[in-house]
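Both backbone and side-chain heavy atoms feed into the values below; hydrogens, waters and symmetry mates do not.
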Amino acid sequence: MAQFEYDESGGTSLYFLVSFYALFLIPITYWLLPHSKKEINEGKLYTCQCEECNRKKKALVAVAPKKSVLSTFKWIVLLLAWCVFILLAYKASQLERDHQEYDPYEILGLDRDSSDSEIRKQYRILSRQHHPDKEGGDELTFMRIAKAYEALTNEDSKVNWQKYGNPDGPTAATFGIALPAWIVDQSNSVWILAIYGLAFMVILPIAVGTWWYQSIRYSAVKVLIETTQIYFYFIHKTPTMNLNRALMILGASREFNQVHNKEVCGRPSDNEEVPMVMRAINEVGQNKENPFCQPYSVKARTLILAHLKRYLLPPSTLEIDKDYIVRKCPMLIHEMVSTAGQIVIYKHIGRVKHEPKLESIENMMKLCALIVQACLEKKSPLYQLPHFNEKTVIHCINKKKIKTLTSFAKMSNSERRQMLSHMSDNEYNDVENVCLQLPFINVEYDIEVRDDEDTSTVTEGCYVTVVVRLERNNLEAHVEEGNVEVENQEANVEEMEERSGNLEAKVKPKVWEKQKKKVHKKKSGGGNAKKKQKVKKSSLSKEKQNGIVSPVSSKEEEKENSECGSEEDDDDCDDKSKISGDEDTNITSDEVEDEDWNNYQKDTKRKEKVLESQSRESYLVHCPYFPDEKNEWWWVYIADRKSKTLITLPNMVYDLKPGKQKEVLLQFNARKKGVFNYHICVISDSYLDLNQYIPMKLFVKEHKEVKRESSDDEDDKEENDSDGSDYTTQDESDDD
């Protein structure tokens with residue numbers, strides 16, 4: 001029968017304590033250790049020495065000592081925890097084993113090949129030495145020696161030792177419980193119950209309740225649920241929203257309310273200082289709608305406007321509050337854009353009446369860049385450059401007609417230096433370093449229909465996947481390659497739409513989409529058909545690369561259609577296309593299989609990348625008025641700018657680094673047949689005037705019904721039904 005014993009020596013409980021301690025210590029250590037960054041953040045290469053950048057560096061350095069103190073305290077606690085772990089592990093290693101194999105030879109100090117005479121001789125020596133009647137003897141040791149001698153000389157004891165490991169025969173198994181005996185001692189029962197009650201009835205419920213209360217108040221991106229509800233209500237209420245309305249909704253965020261956020265502090269001086277700032281700015285506006293009229297919302301809106309106007313505030317009061325509010329704004333605007341995207345989805349499924357306009361969503365995005373750069377909407381984007389004041393901007397616009405960052409970067413170095421001759425060499429170097437390190441995003445895309453045999457043909461009702469590949473380059477490299485053809489893409493978006501809308505989209509139908517003709521005539525000229533197909537393929541590839549039908553390709557298609565457009569020539573064109581189609585299928589069957597396998601491998605790699613944790617460090621933004629370091633993030637989506645609607649939800653790209661290509665999948669449903677002029681929009685949340693609008697022409701064909709092919713079993717069944725006459729009865733034949 002098994003026996004259970006409590007740990008009297010403390011060995012078992014110590015092993016349990018060391019193991020349990022390691023389960024917490026090792027993960028916490030891994031979490032606290034600074035992970036080495038494989039890639040250097042190249043945003044550190046900004047060497048701007050303007051007054052605003054130096055002031056920001058000093059402010060960040062002033063916060064660094066607080067962080068260093070916390071870091072030092074963290075390392076001290078971690079070091080002490082490891083010292084305790086090493087001490088416990090050392091004590092556990094020094095404990096004697098409770099269950100040791102019984103070895104009489106070891107007790108007598110003999111080898112296993114010792115003879116009987118050697119055993120008797122050693123026994124006499126040890127028994128005289130440890131006999132309890134003699135001086136220095138030990139009764140327990142003497143009994144162990146006698147038992148070991150009996151196990152080696154007595155036949156029954158020797159058999160029991162060899163069979164059961166014990167000279168006394170089989171014994172009950174004993175199991176140690178990893179609890180010291182004093183825990184279950186009756187004299188300590190009151191204190192043990194008190195500790196258990198305190199831990200499981202007081203501390204644990206309070207900890208779980210606190211965690212649950214905090215978690216239900218915030219969303220997955222650490223934004224208050226009440227803030228998201230405010231965004232949803234007012235964005236749905238005002239589908240067409242200008243920047244002022246977006247700013248008003250942003251100022252109503254619950255993060256700026258002291259009741260919902262303990263980090264916000266209210267001061268008695270706000271009653272005097274905030275009205276003074278409102279009068280100085282004179283653009284805050286009054287709104288009696290709740291919560292826009294509440295004091296916290298008015299204060300937040302006032303401080304954001306003061307930041308956009310670069311208005312100096314009292315450094316010990318409102319300046320601190322402004323830095324906190326501005327630091328929170330990018331995260332809150334991202335939540336606003338995400339909420340607007342959810343409303344678009346609800347509109348498509350019929351849960352809401354109307355959706356926000358594309359202009360409203362882009363105004364939210366623009367507001368984020370305005371706050372990061374501390375620039376008003378009406379101001380020139382040249383204010384993002386260091387040492388640029390109102391006088392310098394007016395000079396650039398009036399004298400050189402320079403209005404955008406792209407046109408400024410396109411100028412030669414001598415022209416820029418001549419235009420900015422009033423600046424010193426150090427100031428001009430700051431301008432040049434910042435301007436030429438600004439981002440330019442190269443955009444490439446492919447249109448696919450996944451889970452379909454023909455992945456290149458879009459039909460109505462199918463699910464379209466646009467694979468967008470982004471690559472971040474410096475504006476300097478883009479200018480040197482001579483790729484700048486449009487000085488301001490935002491101003492010319494409508495022009496591109498009109499140009500693409502005036503072109504007729506004609507695509508050669510597939511072989512299996514040819515209609516049957518009534519007139520059948522035989523004509524020669526199979527070689528010409530092959531040439532025509534090659535011309536069409538090359539023209540279509542050009543269209544796909546440029547994202548818009550070129551006039552040359554449309555003229556070639558019109559010429560080909562005129563050659564094969566008459567009723568008499570229709571059958572001839574069908575025959576030619578069928579012949580070339582058969583040749584292509586015979587030749588490229590292996591290539592199709594290889595292409596399918598490559599596509600499968602690409603899809604697998606994309607899924608693996610999705611499962612990986614996404615880094616939020618990319619390239620540091622030059623934003624001297626923003627109180628913290630800011631990384632470049634980009635919204636990517638597809639929009640119909642003609643109807644001003646959103647086609648896909650904005651997808652946020654956080655880790656777009658120089659020299660590395662980033663793939664973004666944009667998916668939507670092709671609902672109806674036709675030709676659609678869309679734009680792939682790449683919008684920066686940190687810079688103005690650097691957005692990309694890439695035109696994309698989508699051809700959606702009519703959905704073709706799939707003919708169901710009969711299987712062999714169905715053919716056999718039909719044959720059996722047709723042979724049923726052989727088994728008719730006489731009555732059935734009479735009826736016939």
Side-chain angles (χ1 to χ4, degrees), residues 46 48-57 59 242-244 247 276-285 301-315 318-319 322-323 326 329 363 366-411 413-438 475 487-488 490-491 621-627 630 684 686-691:
Y46 275 126
C48 181
Q49 300 297 327
C50 65
E51 182 181 356
E52 292 78 13
C53 285
N54 292 331
R55 188 187 303 115
K56 178 180 177 178
K57 291 175 185 177
N242 56 18
L243 275 171
N244 292 331
L247 177 59
M276 291 176 60
V277 178
M278 292 176 63
R279 288 192 294 269
I281 295 176
N282 198 22
E283 291 185 8
V284 178
R301 192 161 68 248
T302 303
L303 295 181
I304 294 175
L305 284 171
H307 171 73
L308 295 179
K309 284 198 166 188
R310 303 181 182 181
Y311 183 79
L312 295 180
L313 297 171
L318 292 184
E319 183 70 22
K322 185 205 75 175
D323 290 344
V326 171
C329 283
N363 280 336
K366 187 175 183 179
L367 179 61
C368 186
L370 291 174
I371 292 176
V372 171
Q373 294 296 335
C375 187
L376 288 172
E377 179 187 12
K378 300 178 182 179
K379 295 291 185 179
S380 171
L382 296 176
Y383 278 97
Q384 300 174 98
L385 299 175
H387 308 293
F388 266 64
N389 51 28
E390 185 176 0
K391 183 178 179 181
T392 305
V393 172
I394 293 175
H395 175 73
C396 294
I397 295 175
N398 294 337
K399 299 296 183 181
K400 299 294 183 179
K401 307 299 180 182
I402 302 298
K403 299 180 180 180
T404 64
L405 294 175
T406 306
S407 58
F408 182 79
K410 191 177 179 181
M411 299 176 65
N413 190 18
S414 58
E415 291 177 346
R416 279 198 300 267
R417 190 67 186 98
Q418 183 180 1
M419 184 178 65
L420 303 177
S421 58
H422 62 280
M423 291 186 180
S424 64
D425 292 339
N426 293 333
E427 292 177 346
Y428 178 74
N429 289 334
D430 292 340
V431 173
E432 189 175 22
N433 290 335
V434 172
C435 176
L436 299 182
Q437 292 294 326
L438 291 174
L475 192 60
E487 293 185 358
N488 190 355
E490 296 183 12
V621 178
H622 177 263
C623 48
Y625 292 94
F626 192 75
K630 178 72 174 65
S684 173
S686 305
Y687 288 110
L688 301 168
D689 192 42
L690 295 178
N691 302 328

Is there a side-chain contact between V277 and I281, using heavy atoms and a 4.5 Å cut-off? yes

Can a donor-acceptor pair be found between the side chains of Q373 and Y383 at a distance below 3.5 Å? no

Do the non-hydrogen side-chain atoms of M423 and F388 ever get within less than 4.5 Å of each other? yes

When rounded to the nearest 0.5 Å, the distance separating CG of L405 from NZ of K410 is 14.5 Å

Is there a side-chain contact between L370 and L243 (heavy atoms, below 4.5 Å)? yes

Could you give me the CA-CA distance, side-chain angles and deciding distance for R55 and E51, then say whether salt bridge (Lys or Arg N to Asp or Glu O under 4.0 Å) is met? CA-CA 6 Å; R55 188 187 303 115; E51 182 181 356; 3.3 Å; yes

Roughly how far, to the nearest 0.5 Å, is CG of L313 from CD of E319? 5.5 Å

State, with a plain yes or no, whether a side-chain heavy atom of Y311 is found less than 4.5 Å away from one of T302. no

With a 4.5 Å limit on heavy-atom distance, are the side chains of C329 and I304 in contact? yes

Non-hydrogen side-chain atoms of E432 and L436 separated by less than 4.5 Å: yes

Run the salt-bridge test on K56 and D323 with the 4.0 Å N-O cut-off and return the result as yes or no. no

SG on C435 to CG on L385, rounded to 0.5 Å: 5.5 Å

E377 and N242: CA distance, side-chain angles, deciding distance, side-chain contact (heavy atoms from CB on, under 4.5 Å) verdict: CA-CA 11 Å; E377 179 187 12; N242 56 18; over 6 Å; no

As an exercise, state the distance from NZ of K378 to CG of L308, rounded to the nearest 0.5 Å. 13.0 Å

Taking the side chain as every heavy atom from C-beta outward, state whether L376 and K309 have any pair of such atoms under 4.5 Å apart. yes

At their closest point, which heavy atom of P386 faces which heavy atom of V431, and how far apart are they? O-CG2, 3.2 Å

Report the C-alpha distance between K366 and D689 in whole Å, list the side-chain angles of each, state the deciding distance to 0.1 Å, and finish with yes or no for salt bridge (Lys or Arg N to Asp or Glu O under 4.0 Å). CA-CA 10 Å; K366 187 175 183 179; D689 192 42; over 6 Å; no

So CD1 of I402 and NE2 of H395: to nearest 0.5 Å the spacing works out to 10.5 Å

How close do Y687 and L438 get, counting heavy atoms only, and between which atoms? CE2-CD2, 3.4 Å

Measure from the side-chain N and O atoms of R310 to the backbone N and O of A374, and report whether any donor-acceptor pair falls under 3.5 Å. yes

Exam field: side chain R416 to backbone M419, donor-acceptor pair closer than 3.5 Å: no

Checking side-chain contact (heavy atoms from CB on, under 4.5 Å) for the pair C375/L688: CA distance, chi angles, key distance, verdict? CA-CA 9 Å; C375 187; L688 301 168; 4.3 Å; yes

Atom SG in C48, atom CG in N429: separation rounded to 0.5 Å? 10.5 Å

Taking H307 for its side chain and I371 for its backbone only, find out whether a donor-acceptor pair lies under 3.5 Å. yes

Testing H622, Q49, H387 one by one against D430 for a side-chain hydrogen bond (donor to acceptor under 3.5 Å, both in side chains), which residue passes? H387

Show your working on side-chain hydrogen bond (donor to acceptor under 3.5 Å, both in side chains) between H422 and T392 and close with a plain yes or no. CA-CA 9 Å; H422 62 280; T392 305; 3.2 Å; yes

Testing the 3.5 Å rule here: is there a donor-acceptor pair between the side chains of Y428 and N433? no

For residues V372 and S686, report the shortest heavy-atom separation together with the two atoms involved. CG1-O, 3.8 Å

Would you say C396 and L382 make side-chain contact, with heavy atoms under 4.5 Å? yes

